[in-house]
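Structure record follows, encoded as structure tokens.
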Amino acid sequence: MLVSLDWLKTYLPDLDKTPEELDEALTLIGFEVEDIHETGLPPLQNVVVGEVLEKAQHPNADRLSLCQVDVGTSENASIVCGATNYKVGDRVPVALPGAELPGGFVIKKTELRGVPSAGMMCSAKELGLGDDHAGLLILEDRPEIGTPINDLYSNNDTIIDVEITPNRPDCFSHIGIARELAAYFGLKLKYPDINTGGNSFSEDSGKSLLKGVTIEAPETCLYYSGYSIEGVKIAPSPSWLRQRIEAIGLRPINNVVDITNFVLHEYGQPLHAFDAGKIKGQEIIIRNATEEETITTLDEKERKLQTSDTLIADAERGLVVAGVMGSIDAEVDDNTTDIVLEAAWFTPKKIRKTSRQLGLSTDSSYRFERGVDPVAIDTAAYRTIDLILEIAGGTLHERAWKAGSNAVETTEIEITPDFIRERCGFGPEDEAIKESLTALEIEVNEGDSWKATIPSYRGDLTRPVDLVEEFLRIYGTDKIPEADVESRAFNRNHTREWTVRNAYSQYMRNKGYAEVYNYSLILDEETRLAPESDELALLALKNPISSDQTHLRPSMIPGLLNVLKRNQQHHSQTSAFYEWGRCYRKKGNELVECVAMGWIIQETEAKQWLNREPTDFFKLKAMVIDILRLAGVKYSENLVKTDSLPSFAQEGQFAVMGDIAKSGTQAEFGLLNLKQLKEMDIEGLVYAVNICITPDVLERKEKPIKYTPYTLFPPSYKDLALVADKKESASKIREALAKAGKAVSNKEMQVDAVELFDVYEGTGLEENQKSLAFNITFRGTSGTLKDEVVNKAFEEMQSIVEKKSPYRVRR
Amino acid sequence: MDEALKSIIQEAETKTRELTQRAQFEAVKAEFVGPNGSFTALRKEIGKLPKEQRPEYGKKINGVKESLESILSATLTRIEERELEAKIGPAIDPTLPSPDIQMGSEHPLTQVLNRIVDIFSKVGFTVAAGTEVESEYFCFDALNTPADHPARDMQDTYYINEEASFQNIKQKADERYVLRPHTSSVQIRTMLKEKPPLKILSPGRVFRRDTADATHSANFHQIEGLLVDKNLKVTDLKAILDYFARELLGKDAKVRFRPHFFPYTEPSFEVDFPAAHLGKVGKKWIEIMGCGMVDPTVFEAVGIDPNEYTGYAFGMGIERIAMIVYGVDDIRYFYQNDQRFLEQFSR
């Protein structure tokens with residue numbers, strides 16, 4: 001909100017603070033100052049009105065003139081001037097020696113091209129009055145010669161742009177801000193003198209321009225008052241009023257409208273003046289809009305209303321969207337003579353709804369939405385009437401129409417000074433606490449506990465704790481003493497998610513990856529990059545703000561690919577990126593939010609003086625297993641799928657482990673589709689991983705580790721190769737052999753490990769076959785194994801495998 | 001026989017002199033001490049000698065044996081050394097660059113976040129987590145911000161399509177899902193789940209419906225702190241944030257409290273850092289976070305007795321702190337992920 005310091009001072013005559021001091025004070029009592037700037041003519045010494053008596057050519061310079069100027073002293077000033085837009089007889093501002101113009105330019109007696117010059121005739125810009133520097137500022141009104149220039153332009157002011165928090169609607173007004181400053185600086189607040197009063201009116205008889213006021217929408221209109229003034233003269237406002245209106249960035253319209261705007265910014269109470277002649281049937285009805293009803297508001301837009309919107313209407317039509325904006329139909333114009341003044345109180349919720357519905361926020365709706373001071377409604381009306389009578393003339397009618405009520409119960413808060421001191425952790429004597437509160441016009445009655453009576457405009461103060469803040473604001477938050485940090489143990493661990501995140505981050509960093517942050521919102525097309533993409537329409541946002549951020553991400557890979565692409569343009573070295581975040585997947589008909597870990601690597605074939613093995617699927621797989629272990633999830637070959645891959649996968653080079661919907665974990669990893677990469681202008685092989693884990697999986701308790709004794713007897717080893725179909729998965733084949741191992745294990749002898757060490761295809765095998773070679777470890781539990789025992793077990797294993805699986809032992 | 005013994009030594013010296021391979025060595029060794037070796041044969045001769053000659057011959061044999069052993073072991077040592085040398089290869093130039101990928105980097109936002117978590121962890125705060133999609137109740141209503149509250153104006157929020165529901169995000173009733181505009185929902189859920197005293201941090205990603213520019217981003221990150229205990233005072237809140245400023249900025253740094261308004265705290269403050277500590281000139285203070293004493297209404301919403309417990313909460317933007325600490329002037333750099341940007345934060 002814009003606050004004029006000059007205006008403010010009318011309520012705070014003793015305020016003598018600099019703009020900087022006000023900035024700090026407002027900031028420290030909770031009103032952030034967003035901007036502070038000076039307007040109008042700055043105070044200037046030795047700059048007066050002068051009249052050009054003579055204008056002659058400068059003897060030594062073609063472009064200069066030599067003027068004799070009457071500046072109101074006994075002697076005329078002889079001044080050299082370069083401007084050309086003036087003539088003899090013009091009155092202009094003259095800066096005499098000793099004057100300091102804005103920007104620090106000091107005027108001295110000097111010589112210009114050999115001719116003495118005793119001052120300077122000024123342009124508007126040179127005085128700090130705007131940007132016009134085309135020529136001298138000609139004073140068309142011909143003010144008295146010798147008048148100090150500040151007397152002509154007395155509207156210098158300081159404008160402060162103050163941010164008002166939503167809990168302080170009372171401060172959307174100059175009096176509100178003045179009250180705060182008065183409290184903080186300990187100044188006396190001078191409220192405006194008002195002549196009109198409650199006893200000026202009769203509520204049931206007497207003359208009026210209205211025949212009636214009816215509230216048909218009591219849920220919107222709590223209180224409505226209408227006053228009549230006959231015979232006003234609509235004219236431009238006097239200069240002081242124009243100055244006030246302009247200072248806060250409004251455009252003066254006419255005296256009556258300006259007065260209502262002035263009082264709105266003085267008291268924070270929106271008012272409305274009707275041309276009484278335009279009120280059909282001389283009655284005012286506050287009613288809800290009818291179906292399909294429209295109204296053309298003052299901004300000349302036709303507005304379609306809903307039945308929940310409320311209108312101030314006459315017998316025939318709506319005249320004002322209640323609390324928001326008037327219509328052009330009842331506007332006060334140059335021909336208006338009779339006025340009905342409205343001062344009302346509307347339900348914040350309702351005004352807010354209508355304002356939103358219409359997409360129309362006005363000074364009026366803004367204040368009604370947040371809540372006006374019910375008591376000040378009458379005061380503001382009386383103030384407005386005073387000003388109209390004073391400025392626009394006219395006669396006030398005796399009858400005031402009032403409907404509803406603005407009576408409110410006074411809030412009383414019971415509080416003790418000890419409570420305030422306890423909550424603050426410090427505090428002065430009772431008296432100083434009381435002073436802070438009374439400075440805010442809170443009445444404090446002392447007793448065993450205090451009764452604090454809250455002014456009607458402070459609807460935000462209802463509880464003792466609210467007064468703690470009030471005390472702190474006025475007493476000064478800078479007085480909060482320093483204290484030690486008290487810290488007792490709470491025996492709570494970081495969430496596992498946090499620990500896993502850090503472990504993951506360290507792991508990836510140590511592997512040479514750089515962490516990136518992508519947006520959680522992605523393009524529609526990018527969601528298709530995830531598995532089951534056809535079902536991901538659910539990921540769309542209801543109210544996106546830009547076309548490239550419309551969907552929740554189902555995978556980290558689209559973002560990582562973009563990072564790769566962006567960096568490809570700048571770098572030729574290996575690119576390896578990782579990210580931590582959230583992504584969204586389907587589970588049944590619902591979505592689940594998952595913790596997501598993704599990484600991507602592209603190795604360039606740049607020349608190296610020493611060759612290194614490039615990344616491949618199995619390097620990636622090892623990392624996936626590691627990361628899952630860090631997350632407390634066991635990688636299982638049984639859960640690996642090579643069908644139904646995400647669309648960005650390169651078939652035959654990609655795998656999916658787990659199922660988010662079943663186990664809460666899913667890892668997708670491998671080579672990205674080369675064709676698609678090419679379409680994205682990404683050359684070469686790119687490997688990527690996306691791991692989704694639902695948070696509950698991370699929070700699962702870790703299984704306790706239990707020691708089992710190990711035997712010290714040396715193991716025996718046997719090698720065995722199994723022939724199987726080419727398409728058969730290695731894990732299945734190994735599983736069959738391990739099962740056979742289990743079958744032959746007994747108390748004395750165990751098959752400890754079955755490990756694959758070779759894969760062979762080619763000579764000696766059929767075309768669709770492969771051979772996998774395993775190393776089997778046998779271990780005795782009570783002694784070194786005898787060869788016969790091992791051989792027997794080995795034989796048995798072979799026959800079991802051949803009997804129970806489709807695999808053949810390669811002999 | 002003496003001759004034979006003597007010549008064995010000579011022969012051994014000659015034959016081993018040029019040996020370079022272990023296999024050759026073994027062969028040569030066998031020629032002398034193997035089962036059919038010449039020395040083995042000579043040793044066996046001792047049995048054929050008359051008894052009285054045996055001690056003398058034995059002495060000689062032993063002498064030769066020692067010499068032979070020392071020749072052989074010296075040879076072996078020489079071979080092993082050569083083998084080792086071969087294994088080691090020629091001397092390297094240590095100034096050649098390593099072709100291997102080196103340690104990567106953590107994102108500056110992660111680094112700042114970790115630093116902040118570390119500072120608060122030292123005084124007993126622990127991290128709690130929550131989801132980024134949330135329901136309206138936990139973002140607003142439970143935080144004393146009902147639907148018609150003007151404060152909802154301050155947070156323009158992303159909504160999820162009504163058809164979508166989230167299996168692992170529980171609503172209060174059937175209110176709408178949003179992308180959380182702050183991490184305070186974590187505090188609400190933690191207070192509902194755990195009993196006070198509580199001392200938690202809730203770091204994470206948050207969302208506002210802002211048009212992207214140098215200071216606005218569709219998503220950004222926050223960290224909030226919450227302490228719920230008995231007899232907490234404003235001075236405790238000031239103390240913890242002064243401590244934070246000292247830890248982050250240096251010994252003599254402290255914060256400034258400005259009264260402010262948040263629906264979920266009373267009293268509420270905005271907190272400034274001294275600009276001088278951030279290497280900024282022209283301004284005395286820089287706004288860094290919001291804080292306050294937990295509003296009794298919030299406690300009531302989560303079933304904590306406000307007469308028994310008090311609490312404080314604070315929250316700050318990670319990007320904002322990172323921008324100030326690292327001197328980054330545009331928030332979008334954090335999301336462009338240019339290697340030339342990222343590698344500057346590699347330590």
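First the proteins, then the strands, lettered A, B, ... as listed; each starts at 1. Since the model is a prediction, treat every value here as computed from it, not as a measurement.
- Here the rule is salt bridge (Lys or Arg N to Asp or Glu O under 4.0 Å) with E593(A), and of K586(A), K587(A), R585(A), R582(A) only R582(A) fits it.
- Using a 30° and 60° split on the angle between ring planes, H221(B) and Y335(B) fall in the parallel class, below 30°.
- One finds the CD1 atom of I351(A) at 13.0 Å from the CZ atom of R370(A) (value rounded to the nearest 0.5 Å).
- Contact annotation for L237(B): neither backbone nor side-chain heavy atoms come within less than 4.5 Å of a heavy atom of chain A.
- Between the side chain of R258(B) and the backbone N or O of V271(B), no donor-acceptor pair lies under 3.5 Å.
- Top candidate by heavy-atom pairs under 4.5 Å with chain A, chosen from N219(B), N337(B), V234(B), is N337(B).
- Both the backbone and the side chain of P97(B) come within less than 4.5 Å of a heavy atom in chain A.
- With chain A as the partner, the residue from V117(B), I240(B), T211(B) showing the most heavy-atom pairs under 4.5 Å is V117(B).
- Judged by distance alone, with hydrogens and angles left aside, the side-chain atoms of Q111(B) form a donor-acceptor pair with the main-chain N or O of F345(B) at under 3.5 Å.
- Interface remark: of the candidates N493(A), D484(A), T694(A), V468(A), N493(A) forms the most heavy-atom pairs closer than 4.5 Å to chain B.
- Interface residue Q102(B): only backbone heavy atoms are found under 4.5 Å from chain A.
- The CZ atom of R180(B) lies 5.0 Å from the CD atom of E132(B); values are rounded to the nearest 0.5 Å.
- For Y158(B), the parts lying near chain A are the backbone and the side chain together; criterion is any non-hydrogen pair under 4.5 Å.
- Of the two parts of R256(B), only the side chain, counted from C-beta on, holds a non-hydrogen atom closer than 4.5 Å to a non-hydrogen atom of chain A.
- With chain A as the partner, the residue from N168(B), L232(B), L198(B), D100(B) showing the most heavy-atom pairs under 4.5 Å is N168(B).
- No donor-acceptor contact under 3.5 angstrom links the side chains of S105(B) and Y513(A), judged on distance only.
- Of all the listed residues (T27(A), T499(A), N611(A)), the one sharing the greatest number of non-hydrogen pairs under 4.5 Å with chain B is T27(A).
- Chosen from E163(B), M293(B), E194(B), the residue pairing most often with chain A at heavy-atom distances under 4.5 Å is E194(B).
- For I169(B), the part lying under 4.5 angstrom from a heavy atom of chain A is the side chain only.
- In terms of heavy-atom pairs under 4.5 Å with chain B, the best-connected choice from N510(A), T165(A), V465(A), I545(A) is I545(A).
- Proximity to chain A is limited to the side chain of T310(B), based on heavy atoms less than 4.5 angstrom apart.
- Using a 4.5 Å cut-off between heavy atoms, F269(B) contacts chain A through its side chain alone, with no backbone atom that close.
- Considering only heavy-atom pairs separated by less than 4.5 Å from chain B, the leading option among V595(A), T477(A), L610(A), D478(A) is T477(A).
- Heavy-atom pairs under 4.5 Å with chain B were tallied for G30(A), G559(A), C424(A), A514(A); the largest tally goes to C424(A).
- Contact annotation for Y177(B): neither backbone nor side-chain heavy atoms come within less than 4.5 Å of a heavy atom of chain A.
- Between chain A and the residues L201(B), L96(B), I200(B), the most heavy-atom pairs under 4.5 angstrom are made by L96(B).
- Proximity to chain A (any heavy atom under 4.5 Å) is shown, for T297(B), by both the backbone and the side chain.
- E24(A) places no side-chain N or O within 3.5 Å of a backbone atom of E20(A) that could act as its donor or acceptor partner.
- Heavy-atom distances place the side chain of K238(B), and not its backbone, under 4.5 Å from chain A.
- The greatest number of non-hydrogen atom pairs below 4.5 Å with chain A, out of D242(B), D229(B), D236(B), is found for D229(B).
- The main-chain N or O of P108(B) is never found under 3.5 Å from a side-chain atom of Y517(A) such that the two would form a donor-acceptor pair.
- In this structure, R205(B) CZ and S520(A) OG are separated by 3.5 Å, a value rounded to the nearest 0.5 Å.
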